[in-house]
Protein chains: 2
Amino acid sequence: MAEVHQGRELGGPISRLPLAHVARRLQDMRNMLLYKEVKEKIIQALSEGKWQAGDKLPVESDLADMYGVSKSTIRAAVGELVDANILVRKQGKGTFVATEKVSRNLYRFFHLVDASGKRHYPVRQLLSISREAATEKTIDALQLYRYSDRDVFSIHMLFKINGRAVGRSNPCVPVALFPGLDAKEFQPDDVSLYSLYHTMYNINVIRVEANVGVSSATPAVARELGVRPQAPLLRIERIAYTYQDVPVEYRTILLDTSEIQYRIEQGSSV
Amino acid sequence: MAEVHQGRELGGPISRLPLAHVARRLQDMRNMLLYKEVKEKIIQALSEGKWQAGDKLPVESDLADMYGVSKSTIRAAVGELVDANILVRKQGKGTFVATEKVSRNLYRFFHLVDASGKRHYPVRQLLSISREAATEKTIDALQLYRYSDRDVFSIHMLFKINGRAVGRSNPCVPVALFPGLDAKEFQPDDVSLYSLYHTMYNINVIRVEANVGVSSATPAVARELGVRPQAPLLRIERIAYTYQDVPVEYRTILLDTSEIQYRIEQGSSV
DNA sequence: CAGTGGTCTAGACCACCGA
DNA sequence: CGGTGGTCTAGACCACTGA
């Protein structure tokens, strides 16, 4: 039988050497899956600008040859990049580097519904953004000891539905991860900050942890939301993480839930 | 070449007919992926009790033979069930039907933390259980039109941490799905109602939808929780679903979040 | 050691796209 | 029609488990 795939580098001269595979054998799969290695290499090539936003990648069989792996392995690697909104597959056309609008990440972790259960998509209004020293709590949440620069950009924004303010949010992100963020233009039609993080800084939020409680409105917040001072508000304190559990954003959301409610879905449908 | 896999049912008598595959060819893949079909069939077998909680499933190659597909397809199907916490894979041992304990289902959808982020596991205290006619809202949430008997069992219980009541819950379940529930003994050491649903009725909650807002305490609730009347409470209205999006429980949770907060985790770590 | 899940390969055939 | 991504197969070899 010449069917011994995994040992055939010993069998004699073969034109297409599965280099990645050989390397993996040699290092005894120290830590990473082959398709993960390929994924990292593709990310590397992307960050080096080998393929720019909107560009078409080589077809999958060519990618397989380029990286010395099978098409299935390429598909696993590319598949995760598609899940991460970094690449986009188009059947019959090819695989492309994602552009901003393509990733409809919008409100993946933030859903609002009214009493009837109907989903609402608030528009956000940027009030301010400034560079600040982080508070104790923020240092802890964002693990700022990772960086030499421990300042954060502190953003204030409002959520509005039908012109009425229903909530406000105060995201803080490490300056070290988002250099120059305060100088970027915030497009009012950007659907969410997370899509901005992705398109401008290639940082993907893949997971969030949130603590939910009740707060009463301070005078300033009451003015912003048009409620009476001391009015009870839903308070959501949320940490957003990217790969390898690196926290990238800490935000406090305050919601007036008299007309809308915060929606959570957990578990997967079968 | 005898390598034409997909057409070999035309080649003559073959011992192992890939029935699922042939069927799929015949119906021209009307809508579903093969591995999704297999997944559905496994779910069907599970809901019929073919494999009970904790049971070991046949090895993957046997499953492949049973369903007339390849091991890769079985792995795709089983993999999604593992992701959904329905099955558990153990390398070198086998694949098993998830138990509450293994899947850490207890409080899977209900986490409480204090200000320092420390997790707390409240004890629950049953106040009452009674058979009632469902309200409009409950009929809607539980889709009671599915059943001829549209009554529900309405349960009242308290959550306590260190002896102090921090919340109360009012689960309602269809009498049609949980016959005789009011006569069952509720062990105070049952970790959650969901484990009871699972062990006594073989009903697995795999997904929840929740709407979160703020309410003020009615006099009765204020007495239960030891807060002043009108005190703001976190209100969680939650529908729990089993397989095939069948709702099995509708509950309203009221929490005093002055000392604890409701914890949500979404997305998966990579 | 045998049995099991975990990873990967090579290649077949499909559905879809646009010229 | 050719090119592309999408799905599936058969089988090899690996790492892990427990007797």
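These numbers were taken from a predicted model, which means no experiment stands behind them. A note on names: the letters A, B, ... follow the listed sequences, proteins ahead of strands, and every chain is numbered from 1.
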Could you check whether A:Ser61 gets within reach of a base, just the sugar-phosphate, or nothing at all, counting any heavy atom under 4.0 Å?
nothing
Nearest-Å distance, CZ (B:Arg75) to P (C:dT7)?
6 Å
Does the pair B:Glu48/B:Lys50 count as a salt bridge with the N-to-O cut at 4.0 Å?
no
For C:dG6, does either OP1 or OP2 sit under 4.0 Å from a side-chain N or O belonging to B:Arg89?
yes
In whole angstroms, how far is the C1' atom of C:dG5 from the CG atom of B:Leu81?
16 Å
Would you indicate which nucleotide in D:dG6, D:dT9, C:dG5 comes nearest to any side-chain atom of B:Thr73?
D:dT9
Where is the tightest heavy-atom contact between A:Val88 and A:Val82, given as atom of each residue plus distance?
N-CG2, 4.4 Å
Closest heavy-atom pair, B:Val113 versus B:Arg119, reported as atoms and distance to 0.1 Å, is CG1-CA, 4.1 Å
Check if the side chain of B:Lys90 and the base of D:dG18 share a donor-acceptor pair of N or O atoms closer than 3.5 Å.
no
To the nearest angstrom, how far is B:Lys39 atom NZ from D:dT7 atom P?
14 Å
Counting distance only, does the side-chain N/O of B:Tyr201 pair as donor-acceptor with the main-chain N or O of B:Pro179 below 3.5 Å?
yes
I'd like to know if the side chain of B:Glu249 pairs up with that of B:Tyr194 as donor and acceptor (distance under 3.5 Å, no hydrogens or angles considered).
yes
Can a salt bridge be assigned to the pair A:Glu265 and B:Arg207 using a cut-off of 4.0 Å between side-chain N and carboxylate O?
no
Round to the nearest Å and state the distance from A:Phe96 atom CZ to D:dG3 atom C1'.
12 Å
For the pair made of CG in B:Leu34 and P in C:dA15, what is the distance, rounded to whole Å?
14 Å
Side-chain atoms of A:Leu33 come closest, of C:dT7, C:dT4, D:dT9, to C:dT7
Figure out the CD/P separation between A:Glu80 and C:dT7, and round it to whole Å.
11 Å
On DNA chain C, does the nearest nucleotide to B:Gly94 precede the nearest nucleotide to B:Ser72 from the 5' side, or the other way round? Give the residue.
B:Gly94
Could you list, one pair per line, each protein nitrogen or oxygen that sits under 3.5 Å from a nitrogen or oxygen of nucleotides 17-19 of chain C, together with the distance?
{"residue": "C:dG18", "atom": "OP1", "partner": "A:Lys93", "partner atom": "NZ", "Å": "3.3"}

Ignoring backbone atoms, test whether B:Ser70 places a side-chain nitrogen or oxygen under 4.0 Å from the OP1 or OP2 oxygen of D:dA10.
no
Please report the distance, rounded to the nearest Å, between CD1 in A:Ile74 and P in C:dG11.
16 Å
Heavy atoms from C-beta onward define the side chain here; which of D:dT9, D:dG5, C:dG5 lies closest to that of B:Lys71?
C:dG5
Length of the line joining B:Glu37:CD and D:dT9:C1', which is rounded to integer Å
16 Å
Going by side-chain hydrogen bond (donor to acceptor under 3.5 Å, both in side chains), name the residues that satisfy it together with A:Gln143, two or more places apart in sequence or in a different chain.
A:Arg146
